[in-house]
Number of protein chains: 4
Amino acid sequence: MQKVSHESAPTSSDRVDGRSQGKRQLESERKRQRILDAAQRCFGELGFAAAKVETIAAEAGVSNGLLYQFFRGKEQLFEVVVEELIRDWAHTMFPRTGDPPESCAAALEAMLRNSVEFCRTHPLLPRLLTADAVLELERFSDVATRRLEAQRTHVAGILERGVRSGEFRADLDLASAADIISQLHADYAARAYRRRPEYPMTPELLDALVRFVHDALRA
Amino acid sequence: MQKVSHESAPTSSDRVDGRSQGKRQLESERKRQRILDAAQRCFGELGFAAAKVETIAAEAGVSNGLLYQFFRGKEQLFEVVVEELIRDWAHTMFPRTGDPPESCAAALEAMLRNSVEFCRTHPLLPRLLTADAVLELERFSDVATRRLEAQRTHVAGILERGVRSGEFRADLDLASAADIISQLHADYAARAYRRRPEYPMTPELLDALVRFVHDALRA
Amino acid sequence: MQKVSHESAPTSSDRVDGRSQGKRQLESERKRQRILDAAQRCFGELGFAAAKVETIAAEAGVSNGLLYQFFRGKEQLFEVVVEELIRDWAHTMFPRTGDPPESCAAALEAMLRNSVEFCRTHPLLPRLLTADAVLELERFSDVATRRLEAQRTHVAGILERGVRSGEFRADLDLASAADIISQLHADYAARAYRRRPEYPMTPELLDALVRFVHDALRA
Amino acid sequence: MQKVSHESAPTSSDRVDGRSQGKRQLESERKRQRILDAAQRCFGELGFAAAKVETIAAEAGVSNGLLYQFFRGKEQLFEVVVEELIRDWAHTMFPRTGDPPESCAAALEAMLRNSVEFCRTHPLLPRLLTADAVLELERFSDVATRRLEAQRTHVAGILERGVRSGEFRADLDLASAADIISQLHADYAARAYRRRPEYPMTPELLDALVRFVHDALRA
DNA sequence: CATGAATGAGGATTCATTCAT
DNA sequence: GATGAATGAATCCTCATTCAT
């Protein structure tokens with residue numbers, strides 16, 4: 001009866017500073033993370049309704065009840081999973097380190113390829129990106145929505161720079177183009193995870209996509 | 001003897017000839033259709049798992065049990081709904097009547113606009129198009145999958161003609177381009193139904209999309 | 001709205017005398033009988049709870065609803081079936097015609113063989129004879145019970161004559177012996193219908209049974 | 001991990017060694033047994049179809065859902081009940097302890113009296129012995145059938161010894177006689193439980209039955 | 001009379017959540 | 001902290017019975 005903050009999504013226990021975690025706290029924190037990982041897998045593969053709490057706990061290697069020490073319930077677990085996921089995804093797409101790409105087209109391409117790679121290992125994101133999961137849960141954490149908008153804005157920024165530099169055509173509708181590119185981005189990232197033969201995600205297709213976007217934008 | 005065909009998805013009763021349906025049969029047929037409509041709405045809005053049989057029956061204005069005279073269960077109801085939906089969608093996208101478009105670009109544009117319009121009134125399709133529903137039901141009617149492939153093939157055909165006629169660029173990867181276009185098509189058709197402010201579907205966006213595709217393909 | 005007597009079990013409609021039945025009444029009477037036959041088969045094979053009204057009606061070749069013109073419900077249908085069955089069985093066991101058997105042992109043997117033969121074609125009787133069906137229906141027509149007692153009494157009568165004539169041993173407990181014989185009689189009659197390999201009913205077994213009873217009774 | 005073995009019918013939990021069962025496991029095991037007891041009563045008194053899961057759970061003093069932690073469903077519960085019942089019955093009929101009866105007739109008599117006594121407190125067995133329940137459940141545990149055959153074989157063995165020792169008549173049809181005796185045995189055991197006035201089970205009747213069988217077999 | 005479509009109460013089953021240990 | 005046995009509300013489905021045609 002100690003943590004149970006249940007309010008926000010504290011990655012770690014209510015420690016004040018970074019150290020001073022006994023072995024117990026550390027072990028606990030590790031279990032919390034295992035639950036989140038398992039939840040992401042299950043929600044991603046089955047959807048919210050079809051994923052069973054029991055399965056998630058089993059996959060995490062913890063008991064059914066422990067889950068309720070960390071999260072208020074299935075619903076809040078879902079919310080936390082989504083928030084963490086979106087945060088990780090953003091970090092992958094726009095890595096802090098590394099040199100900035102030399103051209104705007106290269107920036108878009110990098111973003112696309114990074115994102116596809118991320119989704120290959122994160123089942124849940126595709127579902128969120130296609131915005132279906134939103135329907136499954138009324139009180140959906142709007143973190144996801146805000147982050148998606150942020151991405152569109154970011155893309156629009158890149159496009160604007162490209163237009164100004166003459167790299168992209170001048171009469172581009174920035175908002176719409178950013179929307180379309182974000183959408184394509186989400187789609188093929190989704191496929192990268194799903195690996196269904198009907199919706200393949202081959203390197204050739206990815207190359208074609210990059211080319212497609214490039215041609216549509218070029219001056 | 002009841003009806004209880006349960007096998008395929010006969011739109012009308014097992015009448016031998018075209019007429020001779022008493023008021024009873026007619027009324028019954030209408031109820032079957034109302035159930036299908038209600039089911040499409042519910043599945044589309046809530047997903048398979050979250051849609052309750054009771055709700056579907058209530059929305060259709062019939063009793064809980066009547067549903068089971070027409071369908072083996074919730075699952076088969078879903079399958080039939082999907083099949084009908086896909087069939088209707090195909091008819092909308094490729095209408096038999098009317099003159100063939102004068103250019104390949106125009107053909108693509110017509111397809112896109114038709115489909116978007118269709119989705120505006122058919123909640124379920126977006127979910128199928130984004131291929132999420134597939135995960136929700138093991139024994140998913142493969143009609144949907146086959147039809148989606150048919151669409152890609154159709155688009156590829158249009159593209160091929162365009163390439164041959166010099167309308168589109170010669171080094172186009174037909175398969176990949178058809179895939180991308182079909183995907184965009186599905187995405188924005190989906191949005192047309194959802195009407196969520198975060199993922200809008202304005203006429204401007206649609207115009208931009210048409211232009212985007214056009215630019216990406218042009219010779 | 002004509003027959004619906006529903007009270008007792010009139011084999012035919014409420015005709016006052018034996019003739020004067022129009023074709024309609026005759027046809028109706030035939031359907032009633034077909035329902036009874038089908039019901040006997042279904043109840044016999046599946047038991048009361050597992051037999052569906054719909055199945056019975058279908059087997060009788062009539063509609064679901066017609067059944068309720070003749071009988072108050074599933075329950076009363078069962079009662080009527082039982083009464084008719086018991087009556088028929090009694091007629092088979094103790095046929096009016098023919099010469100009386102020359103010995104008491106012969107009388108018992110005839111009864112046994114007749115009864116076994118009857119059950120071969122009347123599925124329900126075995127269930128009643130083993131008195132299990134009684135448990136399945138609270139307000140069971142006591143006709144069956146009374147008839148079974150009648151049989152025991154009849155057997156006791158034969159035994160008494162046999163004792164007096166010196167054919168059977170003098171210290172026989174009449175009531176108990178009659179009970180045992182009736183019970184055996186019911187058991188093997190039941191088997192004759194069931195035809196299950198684990199509980200066979202071969203001619204040899206029947207012969208052995210006759211011999212068994214004979215040896216147990218002989219003076 | 002729960003328990004959910006669901007496979008066979010382990011009387012006790014999957015403990016590795018014989019002890020080390022916490023109070024929880026013990027309590028759980030007790031509940032499992034209470035469910036089995038209640039199920040036996042309900043199935044025995046009402047038959048498979050008419051017995052409600054809810055009633056069984058209520059009689060066992062547990063919730064509706066707990067039943068499904070121990071058994072796959074109503075059907076498997078029935079199967080387990082039958083297997084346990086048959087096993088217990090066998091133990092009662094052929095107790096390991098005690099001296100072997102001095103004569104074959106005495107052996108038969110002991111078997112009969114033991115079995116009658118057992119049925120007095122085990123409602124379900126009569127139904128199984130009369131082989132009616134088999135009809136009620138397709139995938140009936142064949143344990144019952146095998147055990148019944150075992151009993152017949154056992155009886156036949158006793159008879160054979162009796163014939164060889166000259167206690168029983170030499171021209172006895174062993175198989176048929178064993179069948180008849182087993183049948184009588186089942187019948188009166190059944191009555192012992194039912195306690196219905198129409199089919200009484202008095203000590204006198206039991207004595208008469210023993211005498212009846214004895215007379216039928218004697219040399 | 002005859003039909004069979006329609007009803008809805010009743011029963012089996014699932015699964016998120018709690019709580020005694 | 002951690003467990004997992006226990007709960008029971010929620011949901012799918014069945015089937016006896018009714019009634020408009």
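Lettering of chains follows the sequences in order, A, B, ..., and the numbering in each one begins at 1.
- A donor-acceptor contact under 3.5 Å links the side chain of D:Q69 to the base of F:dA6.
- An OP1 or OP2 oxygen of E:dA6 is reached within less than 4.0 angstrom by a side-chain nitrogen or oxygen of B:K31.
- Side chain of B:N64, nearest nucleotide from E:dT17, F:dC13, E:dA12: F:dC13.
- Rounded to a whole Å, the CZ atom of A:R34 is 13 Å from the C1' atom of F:dA2.
- Contact check, D:Y68 against E:dT14: no side-chain N or O comes under 4.0 Å of OP1 or OP2.
- Closest of all the heavy-atom pairs between B:K74 and B:A49 is NZ-O, 3.5 Å.
- Among the atoms of the strands shown, only primed sugar atoms or phosphate atoms (P, OP1, OP2) are found under 4.0 Å from some heavy atom of D:A51.
- Proximity of D:S28 to the phosphate of F:dA6: a side-chain N or O atom is located under 4.0 Å from OP1 or OP2.
- For A:V53, whose side chain is taken as the heavy atoms from C-beta onward, the closest listed nucleotide among F:dA2, F:dT17, E:dT17 is E:dT17.
- In this entry F:dC12 has E:dG11 as its Watson-Crick or G-U wobble partner, both defining distances falling under 3.5 Å.
- A straight line from CZ of B:F71 to C1' of F:dC12 spans 16 Å, rounded to a whole angstrom.
- Proximity note for A:K52 (side chain, C-beta onward) versus E:dA16, F:dT3, F:dT17: the nearest is E:dA16.
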